[in-house]
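Below is one structure, written out as structure tokens; comments come after it.
One is the number of the first residue; the rest follow in order along the sequence. Bear in mind the structure is a predicted one, so any value in this text is a computation, not a measurement. The analysis underlying the following values was restricted to heavy atoms, covering all of them including side chains, and did not include hydrogens, waters or symmetry mates.
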Amino acid sequence: MSKIVKALATAVPLVFLVANSFAQNGKITVKGKIVESTTGSPVAGATIETNNKNKATTSNDDGSFILIVDDNNKNINITAVGYENYYLKLRNSSEYSIQLVSENSKLDDVIVTGYSTQNKKFISGSIVNISGNELKEIPSSNFTQLLQGKASGVQISANSGVPGGGITFRVRGNNSINAAVEPLYIIDGVFINSNNNVQTGMGGQTQSSPLADISPSDIEDITILKDANATAIYGSLGANGVVIVNTKKGKLNSKGKISFNISQGRSQALKKFEHITGEETGILVNEAAINTAKDNGIDPGTITLPFPDPSILPTYDRNSGLFRNAKSANYELNIRGGSDKSTYYIGLGYNNEESVVKPSGFERITARINYDSYVTKNIKIGTNTNFSRTYRNVSSNDNNPTGVINSAIFPRSYVPIFNADGTYNRAGSFDNHLALINNLDNNAVGWRTISNLFAEISIIPGLKFKSSFNIDNNDMFENNYSNTLIVAGIAAKGSATSIANKALYLTNEQVLTYVKRINGKHTHDINALVGNTFNTVKIQNTNATGQGFATNNIKAISDAATRSGSSSRSEANLISYFAKASYTLANKYTLDASNRAEA
């Protein structure tokens, strides 16, 4: 008996019927017909191709097609103008009925546009909305990396391959030479601190991404406001674009649903540094000595070559000790549901990633609770709260001249890794890469709370007032110790640094919104709001250092022979008043106006 697989759609679908498929001589012949479900008329010109794009065909005038593929290629992509792509997994002797959603239905989506929601077809600004379903299959500890290639006009790149490391996120390029160019991040209405709180030097690279504190599995959708019209409501804060993240919530009158996801993987460096042998290095060193003699007017035959017989030089492999088969693990538990008056979502997550270059790593534990409740018919209260703890094994790689990578690739290949007595051998000013890997003690532990509490009152139909109190509290604690086995600690007889960095963002908002549709000869859609925001940012940093330790086993700064410390503190306040109005006539013509004053 044939198996029927149905994909439900909410708008105009295409029905794709595979009449039959059979294997013959290592090939599978797929026959089918594509029709439009609403009219039953055939769809001509639809593209049917294999996932690797080496086999493709198009549907005939009557909607039929035949495609012969290799029997090991069971994935087919179906595309048609005006419809969403669909990815079909073939099974032998099976029949499929698949409904494809019309792209026109996306115009009816309601998305967040800044302090309010708006029908997508009424939006005149440059806005991109990405569903969380488009991101959930991509493994990454940072949700901003998941947006790579998903939004035009947005450039996203990693500063390094370190898990939890810095991310460069630019909306429409760099907007300033010397001022901040990061966009404004808003998660469930909370203005997020996107500054890097890790102070340990990484050779000119951004040490960490504060947005790695958020679990991507909790995200419902992401909206990016790109142009001046879309970002004007946020004033100077949104000058570099705005990224609005909405997390998952429960649904009214729905049964509790529990989901548990586990993913594990391994990563390795596909291309490693290629080293010349000890003999080849010796030949080059000899050539350098000969050329230097010629430049100085000396007969090369009169000089003594550094290596009379390069063939006897050994070759030491440093790649094997530098790279590893890095493990990653991710566990997610989500619970969501709701009654007739309240909704809830609970998310727990654990993520652990090793870097392919030793010894860096990243670990994150998250807990989220989103709860909404209708106290009365017209009053709703709720909270969206996220707690996270992160741990970073921080090490200097890539650009740092004395980092792990450079200490492995710059020493000449005939230089021994260990001395005859088994101690680490250093080459010139470079550390021994194994000494760094085994003795680097740079740890950063972060505790973060992102939360908002809100109350919303429905005054009359279409008119709502919402007041919210938001907090982003980010505490980062770093403890770094360089012992006498690495360059940074030799001269000082051991060096320790302890840093406590606290960033507190507080926001209070009041917003009055009015949404109304007036029917008549032509429809009139009105979406207006006024509000104010009070922002307070408090930054505090405490730094203590110590040098001169009795042994490498003593690391507490209080036990150092020489101690010093410093601290700093700053506070900034911003008061804003804003208003926005959008008017749409007959579902065709839209006029937007925004204003914001700040002090």
Side-chain angles (χ1 to χ4, degrees), residues 157-162 165 200-206 268-326 355-360 394-440 442 482-493 495:
S157 61
N159 287 322
S160 69
V162 178
T200 302
M202 294 281 284
Q205 295 177 338
T206 304
Q268 60 182 358
L270 296 179
K271 294 184 179 181
K272 299 179 181 179
F273 302 107
E274 296 183 4
H275 294 274
I276 60 177
T277 65
E279 179 182 359
E280 292 169 333
T281 305
I283 292 173
L284 292 175
V285 172
N286 286 344
E287 289 182 359
I290 293 172
N291 292 333
T292 300
K294 291 179 179 179
D295 292 340
N296 294 329
I298 301 174
D299 182 4
T302 63
I303 68 171
T304 301
L305 294 177
F307 302 104
D309 185 8
S311 63
I312 66 173
L313 292 175
T315 301
Y316 295 93
D317 174 28
R318 287 175 166 82
N319 271 347
S320 59
L322 177 64
F323 296 100
R324 64 183 167 189
N325 193 357
S355 172
V356 294
V357 178
K358 300 176 183 178
S360 301
V394 183
S395 67
S396 297
N397 290 321
D398 303 0
N399 292 341
N400 194 330
T402 59
V404 175
I405 293 178
N406 286 340
S407 294
I409 65 175
F410 275 97
R412 293 172 179 176
S413 56
Y414 57 75
V415 176
I417 298 176
F418 295 98
N419 296 314
D421 60 0
T423 58
Y424 296 113
N425 180 37
R426 293 197 309 275
S429 61
F430 291 99
D431 260 305
N432 183 293
H433 69 292
L434 293 183
L436 285 174
I437 291 171
N438 296 328
N439 293 279
L440 273 176
N442 300 338
S482 300
N483 64 25
T484 57
L485 297 177
I486 58 179
V487 172
I490 292 177
K493 295 183 179 180
S495 175

Return each pair, listed once, that meets side-chain hydrogen bond (donor to acceptor under 3.5 Å, both in side chains) where at least one residue sits in residues 298-308; pairs must be two or more places apart or across chains.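 Output for this query is empty, none listed.
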Could you list all the side-chain hydrogen bond (donor to acceptor under 3.5 Å, both in side chains) pairs where at least one residue sits in residues 276-290, not counting sequence neighbours?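 Only T277-E280, T281-S413 qualify under side-chain hydrogen bond (donor to acceptor under 3.5 Å, both in side chains).
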Run through N483, N432, T484 and flag the one making a side-chain hydrogen bond (donor to acceptor under 3.5 Å, both in side chains) with N439.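 By the side-chain hydrogen bond (donor to acceptor under 3.5 Å, both in side chains) criterion, N439 pairs with just one of N483, N432, T484: N483.
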Could you work out, with side-chain contact (heavy atoms from CB on, under 4.5 Å) as the rule, every residue matching [X], not counting sequence neighbours?
X    : value
A488 : S482
D309 : S311, I312
A289 : I303, P306

Specify the closest pair of heavy atoms between [X] and [Y], including all atoms of both residues, with the distance to one decimal.
X    : Y    : result
L322 : H433 : N-CD2, 4.4 Å
L434 : G321 : CD2-O, 4.0 Å
P411 : A427 : CB-CB, 3.7 Å
S407 : L436 : OG-CD1, 3.6 Å
K272 : N319 : CB-ND2, 3.9 Å
I405 : V357 : CG1-CG1, 4.0 Å

Looking at residues at least two apart in the chain, or sitting in another chain, which of them share a ring pair (Phe, Tyr, Trp, His ring centres under 6.0 Å) with F307?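 Residues passing ring pair (Phe, Tyr, Trp, His ring centres under 6.0 Å) with F307: Y414.
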By side chain to side chain donor-acceptor pair (under 3.5 Å) - contacts of [X] (at least two apart):
X    : result
N296 : none
D421 : T423
Y424 : N438
N291 : none

What I'd like to find out is whether the side chain of R318 reaches to under 4.5 Å of the side chain of I409, using heavy atoms alone.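 R318 does not reach I409 side chain to side chain.
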Within this structure, what is the CZ-CD1 distance for the pair R426 and I417, rounded to the nearest 0.5 Å?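 One gets 15.0 Å once the value is rounded to the nearest 0.5 Å.
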Supply the atom-to-atom distance Y316 OH to N425 CG, rounded to the nearest 0.5 angstrom.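 Y316 atom OH to N425 atom CG measures 9.0 Å (nearest 0.5 Å).
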Answer yes or no: is there a donor N or O on one side and an acceptor on the other, between the side chain of T315 and the main chain of G278, under 3.5 Å?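 Side chain of T315 to backbone of G278, a donor-acceptor pair under 3.5 Å: yes, one is there.
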Evaluate whether atom CZ of R324 has more than 12 neighbouring non-hydrogen atoms of other residues, nucleotides or ligands under 6.0 angstrom away.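 Yes, enclosed.
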Between D295 and T292, is any side-chain donor less than 3.5 angstrom from a side-chain acceptor?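 Per modelled atom types, D295 and T292 side chains form no pair under 3.5 Å.
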